[in-house]
Amino acid sequence: MPKYIFVTGGVLSSIGKGVITASIAKILSARQYRVTTIKIDPYFNVDAGTMNPYQHGEVFVTADGGETDLDLGHYERFLDVELSKDHNITSGKVYLKVITDERLGKYLGETVQLIPHVTDEIKREIRSVVERSNAEIGVVEIGGTVGDYEGLPFLEAIRQMRLEEGFDDTVFVHVALVPVIETTGEPKTKPLQHSVVELRRIGIQPDVIIARCRTWLDESTKTKIALFTNVPVKAVFTAPYVDTIYRIPLILEEEGLGDYLVRRLKLEFRRPDYTSWNEFISFLTNPADEVLIGLCGKYVKLRDSYLSIIEALNHAGAKLRLKPNLVWIDTEKVERGELDETILDQVDCVIVLPGFGTRGAEGKVRVIKWARERKMPFLGICFGMQLAVVEFARNVLGLRDANTTEINPNTPHPVVDLAPEQRSLDRFGGTMILGNKPVRIVEGTLAHKLYGTTMVYERHRHRYIVNERYIEMFERAGMIFSGYRADVPHRIVEIFELRDYPFFVGTQFHPEFRSRPLRPHPIFVGLLKAAYEYRKLYRRR
Ligand code: GLN
């Protein structure tokens, strides 16, 4: 029977509960325990696919095509696993299931209620995901903050699971912010205490407290937290702010969280192995040089919107001992003329980010033109790739007003167009081309050199594709299509590159979702290598 660790949050959201959950799982997997992770999101969207990145941050796409919370990205990267969409449970999903079952007559004769029907469904889903993952331990993160109305059914469900699974097989970990008062430098534990009071009010006594704090907590502060939260002082840990999130498991390990959890869950003692993880962190934090990367997109004010891309750059940077320094370029400003594309003069390469819709798109096209004309290393991801195709059509092929029909449905040259199967859809949620698809890599291309293989699986999230009709025209002008979907009879372009350019690449898929700390994605490694060459050539600093 699997064991469960439940992670709740207090005081504020966005305090790194996802990273801490991933770290707890890492600590156990470093001991060769089979662990899996689940993220619970109390909102009523069935999945994150229909949400604005400003509301939600990045939509993380799983191998099986789930549009999920970005914490699944942390889990996959920390554990080096592939999770399915079932590892993200939302209120929307749970209620939809209960209501569908009710209509099917599965509750015939009963009054369907929050307790027990909704809570039973929550427990059933948690258990079924952990069991199907063949895990010995499931680490379950409850999104949001204790005290939110929406989170209550989930807290009630895990309260019941403690009773049903027993004390030795369940641990409640509570992560809460301990703010430090500017003037006195004093850490204040009162908000944390209140969040634990709130938890206990609904019947959950935490077993472990992890204080999220700017600094380390001293013994007397820990003792105070222990006393007021009714937890032994050795079960109070600090997760201070550190240089990289990848250090958090090591910090919690040093403080003794691993041994504490092992004893508390009556697991057998095993020595954790962090050899390669340590090596990765030392590469990551001791770069030999830097590269400047221009990131062009619409949501540059909320960095979480592009989290996996930033992490993929960190992974590739660690491998090459280069620190990727990010320069954010708001393409809406470029479009409005508030920002000149000569800003790119400062950077060593440019990434045009994924996206949807008209706003900022022409700004992206201008940035792409600038980079292409200077042979600056370029990566276009998904929408960024499609717009690079548009730019090439307009400025190299001379097809004026060429466009993607996403922006101009009446363009005379629809070089990027809706995929045929997308034309007749009657709903938005979960209907894009999603998840892992096989991609055939064309031999003798840059893509082939980078991947070193002719068949790869990459994750997708799009509706539009390069219009097959233009492929030959593009190729005659120097655009090489180096990757195609391998599972469809017609040609869907997956990768393009430009002949005689060091690195000018577009990918229809999202390489960032498959990058791992110890296995950086070849496309990002290729980009950073080329950026570094470019930097040495034009070193202006
Ligand atoms: N809007 C584009 C499409 O749907 C690109 C999507 C993306 O960048 N993820 O095809």
Side-chain angles (χ1 to χ4, degrees), residues 14 48 50-60 70 73 290-314 316-317 323-374 376-392 394-395 403-404 406-408 416 461-462 464 503-507 510-513 524 527-528 531 534-535 538 540-541:
S14 309
T50 54
M51 270 184 266
N52 178 325
Y54 270 142
Q55 306 252 332
H56 182 267
E58 161 185 284
V59 174
F60 185 81
L70 55 75
E290 61 163 0
V291 274
L292 265 65
I293 297 152
L295 290 168
C296 306
K298 182 158 75 165
Y299 297 106
V300 295
K301 279 186 227 83
L302 185 70
R303 305 294 146 88
D304 268 1
S305 308
Y306 308 110
L307 185 64
S308 293
I309 293 174
I310 298 173
E311 292 310 325
L313 289 168
N314 285 331
K323 178 162 176 43
N325 281 320
L326 311 180
V327 177
W328 294 90
I329 298 166
D330 182 341
T331 44
E332 277 192 81
K333 284 196 181 152
V334 177
E335 191 166 288
R336 288 196 300 262
E338 289 163 29
L339 195 69
D340 202 284
E341 54 268 50
T342 52
I343 183 158
L344 290 177
D345 248 336
Q346 308 168 12
V347 299
D348 306 316
C349 72
V350 41
I351 299 180
V352 175
L353 297 160
F356 294 84
T358 311
R359 268 194 302 126
E362 286 303 326
K364 288 181 180 168
V365 174
R366 273 172 55 184
V367 164
I368 295 164
K369 178 167 188 280
W370 198 94
R372 185 180 52 76
E373 287 172 347
R374 281 155 191 82
M376 174 178 267
F378 165 88
L379 174 62
I381 303 177
C382 206
F383 199 40
M385 173 265 202
Q386 296 169 357
L387 292 175
V389 167
V390 167
E391 191 278 326
F392 195 85
R394 289 184 192 170
N395 300 320
N403 218 328
T404 158
E406 178 173 2
I407 298 173
N408 178 8
V416 175
R461 182 170 187 251
H462 64 116
Y464 293 81
F503 193 102
F504 203 95
V505 175
T507 62
H510 293 259
E512 67 272 22
F513 295 137
F524 285 96
L527 174 71
L528 288 198
Y534 187 89
R535 182 184 173 82
Y538 300 98
R540 290 142 301 205
R541 288 156 284 259

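The model shown is predicted, which means the values in this text are computed figures rather than measured ones. The analysis underlying the following values was restricted to heavy atoms, covering all of them including side chains, and did not include hydrogens, waters or symmetry mates.
Under the salt bridge (charged side-chain N to carboxylate O under 4.0 Å, His left out) criterion, the residue pairs touching residues 376-391 are R372-E391, with sequence neighbours excluded.
Looking at E58, its side chain does come within 3.5 Å of a backbone N or O of S308 through a donor-acceptor pair.
Residues I309 and P354 share a closest heavy-atom pair of CD1-CD, 3.7 Å. Across G297 and K364, no two heavy atoms sit closer than the pair CA-CE, 3.8 Å. Here the shortest heavy-atom pairing between P324 and L313 reads CG-O, 3.5 Å. Nearest heavy-atom pair, K369 versus N395, reported as atom, atom and distance to 0.1 Å: CD-ND2, 3.3 Å. Residues E406 and G357 share a closest heavy-atom pair of OE2-N, 2.8 Å. Considering all non-hydrogen atoms of both residues, G363 and E335 come closest at N-OE1, 3.2 Å.
In this structure the side chain of L295 never reaches within 4.5 angstrom of the side chain of V327, judged on heavy atoms. Within the 4.5 Å cutoff, the side chain of L527 has no heavy atoms near those of the V505 side chain. Proximity of N403 to R394: side-chain heavy atoms (C-beta onward) are separated by under 4.5 Å at one or more points. Considering only heavy atoms from C-beta on, E338 stays 4.5 Å or farther from E332 through its side chain. V350 is listed as a side-chain neighbour of C296, based on a closest heavy-atom distance under 4.5 Å. Taking 4.5 Å as the limit, every side-chain heavy atom of C349 sits out of range of all side-chain heavy atoms of F378. You'll find the side chain of V347 stays beyond 4.5 Å of the side chain of V291, heavy atoms only. Looking at heavy atoms from C-beta onward, P377 lies out of side-chain contact with L528 at the 4.5 angstrom threshold.
With sequence neighbours excluded, no residue satisfies salt bridge (charged side-chain N to carboxylate O under 4.0 Å, His left out) with K323.
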Verdict with reasoning, E362 to R366, per salt bridge (Lys or Arg N to Asp or Glu O under 4.0 Å) = CA-CA 6 Å; E362 286 303 326; R366 273 172 55 184; over 6 Å; no
Take F383 and K298 through the side chain to side chain contact (heavy atoms under 4.5 Å, CB included) test and state the conclusion after the steps.
-> CA-CA 12 Å; F383 199 40; K298 182 158 75 165; over 6 Å; no
Are N314 and I310 close enough, and set up right, to give a side chain to side chain contact (heavy atoms under 4.5 Å, CB included), and what steps lead you there?
-> CA-CA 6 Å; N314 285 331; I310 298 173; 4.1 Å; yes
Walk me through it: do I329 and I343 pass the test side chain to side chain contact (heavy atoms under 4.5 Å, CB included)?
-> CA-CA 8 Å; I329 298 166; I343 183 158; 4.1 Å; yes
Given side chain to side chain contact (heavy atoms under 4.5 Å, CB included), test F504 with I368 step by step and report yes or no.
-> CA-CA 10 Å; F504 203 95; I368 295 164; 4.1 Å; yes
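Between F60 atom CZ and R461 atom CZ the span is 12.5 Å, to the nearest 0.5 Å. We find the CD-CD1 distance between E512 and I381 to be 4.5 Å, quoted to the nearest 0.5 Å. Once rounded to the nearest 0.5 Å, the distance linking CG of L353 with CH2 of W328 reads 6.5 Å. One distance of note links NE2 of H462 with CE of M385; it measures 8.5 Å at 0.5 Å rounding. The CG atom of L292 sits 12.0 Å away from the CG atom of D345 when rounded to the nearest 0.5 Å.
Under a cutoff of 6.0 Å and an axis angle of 45°, R374 and W370 form a cation-pi pair.
For the side chain to side chain contact (heavy atoms under 4.5 Å, CB included) with L387, the lone residue among I407, V367, V416, T331 that qualifies is I407.
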